[in-house]
Each structure stands twice: as structure tokens, then as C-alpha cells.
Amino acid sequence: MGQINKELMHRDAPIGVFDSGVGGLTVAREIMRQIPNERIIYFGDTARVPYGSKSQETVTRYSEQIVRFLRTFQVKTIVVACNTASAYALDTLEKDIDIPIIGVIKPGAKTATEVTRNGRIGVIATEATISSQMYTKYITNLNSAVTIYEKACPLFVPLVEEGLWKDPVTDEIARRYLTELIDIDIDTLILGCTHYPLIRSTLGRIIGEKVTLVNPAYETAIELKQMLAEMDMLNEEEPGLGSNRYQFYVSDKAEKFVRFANSIINYGILSAKTVNIEEY
Ligand code: DGL
């Protein structure tokens, strides 16, 4: 990470959270649950989603623009709430940023390494995340004796976005994707894409109860809380009613985003603003 300048961080400043679209709301939701005093500026790149099928150069350029946008709010830290952006862009973003920035891959990899008993971990994610092999790199760094099986599951994102969370079509696709992971006897499965926690019950039923599911969104919120506590940067006061505790920005029309957001977050998201992210 670049040199952190604590003078730029204020305890009551918001946390910047971004994703390629709606998926990062699963991460925002965990942050809201675990550190409810924090304010959040969320950006969803709904005009340019999906990232999971794009190149590293493109995802990095998009992520850099979003970081510049979030920094206009004087955020005290940034969470890359997208596995693909964490896999492709985090290393570059970290190099010259002077506030802390964390991604979702490292926390998920760490927990999976801790919970596996037979040393066989499965990772499901977008094509980009799988091709980066970032989960394998982090896990192997922590424990080189673990064997990791990575599997791209590109159809899950559109199925989740179409609302088919509990649908025979999703069951059938999940069965096709997961069969080979069942056959090789993994005991831990990382849900390595922001959308997958939303079909967790389907995935759990198909992979079987002996397999522990790891949700990086949850683990990331824990790591964020720890990091802010260590830096003495947790917001101690509950933000008042007029303080816009949660603000949402998107790069395309806001209506669909707001509908989706309200289906997974219980805080009554009333609006999201559209910004031209190419200007940043
Ligand atoms: N947010 C992305 C991820 O976690 C999934 C959606 C996309 O492909 O952009 O990898």
C-alpha cells in the first residue's frame, strides 16, 4: 500500500464502497450490519457492468475513475466490494493511494484457509477472477499445503440479476457447475463473486451440508471493522437523521438499481443519483 496519510482520515467521514453494479450491496449490507455507525458512499458502475468478462486494463481504468469519484467525498477508506476489481485492480490502486483501501479476496481467502479441515478448497467466481488466480495466490501464501479448485460460473450473475434466486433454472445451472467440485471432495467453498451470497441457500443445498460456505462480503466487513478500530477511526457517534447515512450513486439509470437495492437492504433506499463516471 502507498504511504497512508492519517491527516486525510476523519473518524466521522464516510466509507467509500464500490462495485461493478448491484452485487457490492451484499458487502455494503454486511458493513451496515456490523458497523452501523458508519456512513457509506456507494458507487455501482451499472453502465459498464459486467466487469467479470472484461480485461484487466479496462477493469483497472474503471476502478481508478471510481476511486477518484469517491475521493471527492473525503472518504476515510475505500472498500473494493467487487471480486473482479479486487482481483484485477487492487494492486494498482494500492500503489499510490494515501488512505487505506481493502478488497474482498484477501479476507475470504484467509477465512477459507482457517476453516478447511481436509485442505481442499473450491472457489467459484467470474471468469476474470478465476483467470487472475488471486484466490489461489492468497491461499497458497497462507498455507502452501492447501489444494485449490477454481471454477468460473458466469451464468450466476445474470440469473441473480433476473431475480431467479430460487428457481429450477438456477438449480440446474448450479448442479452443472458444482458437480466437479463435489466429485473432488472439497470441504470449503468460497463464494468468490458479490452476487453468489444471494443464492447461498441453493448453492449450499447442492454442494451438500458437509461443505462450509465462505462469504467474503461478511469477512470483509469484519476486516474493515478491525482495521478502523486499530487506526482509532471507528465512528463513535450514530450519524443523525439528516446526515445522509447511506448515499448511492450509479453510472446508469437509477430506478432498476433502487429496486434491486431495496430487495436486499432493509434500510429503505429511497434514491440513487446518476453520475457520468467517465468525467473522473
Ligand atoms: N461484482 C462482480 C464480482 O464480484 C460480479 C459482476 C460483474 O461481473 O461485474 O466479481
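Just follow the structure's listing: the first ligand is 1, and inside any ligand the first atom is 1.
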What I want to find out is whether K6 reaches D98 closely enough, with some N-O distance under 4.0 Å, to be called a salt bridge. no
Student check: side-chain heavy atoms of L189 and V214 closer than 4.5 Å: no
Please identify which of these residues, T140, N83, T129, meets the side chain to side chain donor-acceptor pair (under 3.5 Å) condition with Y135. N83
Using the six-membered ring wherever Trp is involved, compare the ring planes of F260 and H195 and label them parallel, tilted or perpendicular (cut-offs 30° and 60°). tilted
Just say parallel, tilted or perpendicular for the rings of F156 and Y196, cut-offs at 30° and 60°. perpendicular
Is it true that F73 and F43 have ring centroids separated by less than 6.0 Å? no
Show me the short polar-atom pairs for ligand 1: any N or O of it lying under 3.5 Å from a protein N or O, with distances only.
{"from": "ligand 1", "atom 1": "1 (N)", "to": "D19", "atom 2": "OD1", "distance (Å)": "2.8"}
{"from": "ligand 1", "atom 1": "1 (N)", "to": "S20", "atom 2": "OG", "distance (Å)": "3.2"}
{"from": "ligand 1", "atom 1": "1 (N)", "to": "T194", "atom 2": "OG1", "distance (Å)": "2.9"}
{"from": "ligand 1", "atom 1": "4 (O)", "to": "N83", "atom 2": "N", "distance (Å)": "3.0"}
{"from": "ligand 1", "atom 1": "4 (O)", "to": "N83", "atom 2": "ND2", "distance (Å)": "3.4"}
{"from": "ligand 1", "atom 1": "4 (O)", "to": "T194", "atom 2": "N", "distance (Å)": "3.0"}
{"from": "ligand 1", "atom 1": "4 (O)", "to": "T194", "atom 2": "OG1", "distance (Å)": "3.2"}
{"from": "ligand 1", "atom 1": "8 (O)", "to": "Y51", "atom 2": "N", "distance (Å)": "3.4"}
{"from": "ligand 1", "atom 1": "8 (O)", "to": "G52", "atom 2": "N", "distance (Å)": "2.8"}
{"from": "ligand 1", "atom 1": "9 (O)", "to": "S20", "atom 2": "OG", "distance (Å)": "2.6"}
{"from": "ligand 1", "atom 1": "9 (O)", "to": "Y51", "atom 2": "N", "distance (Å)": "2.7"}
{"from": "ligand 1", "atom 1": "10 (O)", "to": "T84", "atom 2": "N", "distance (Å)": "3.1"}
{"from": "ligand 1", "atom 1": "10 (O)", "to": "T84", "atom 2": "OG1", "distance (Å)": "2.6"}

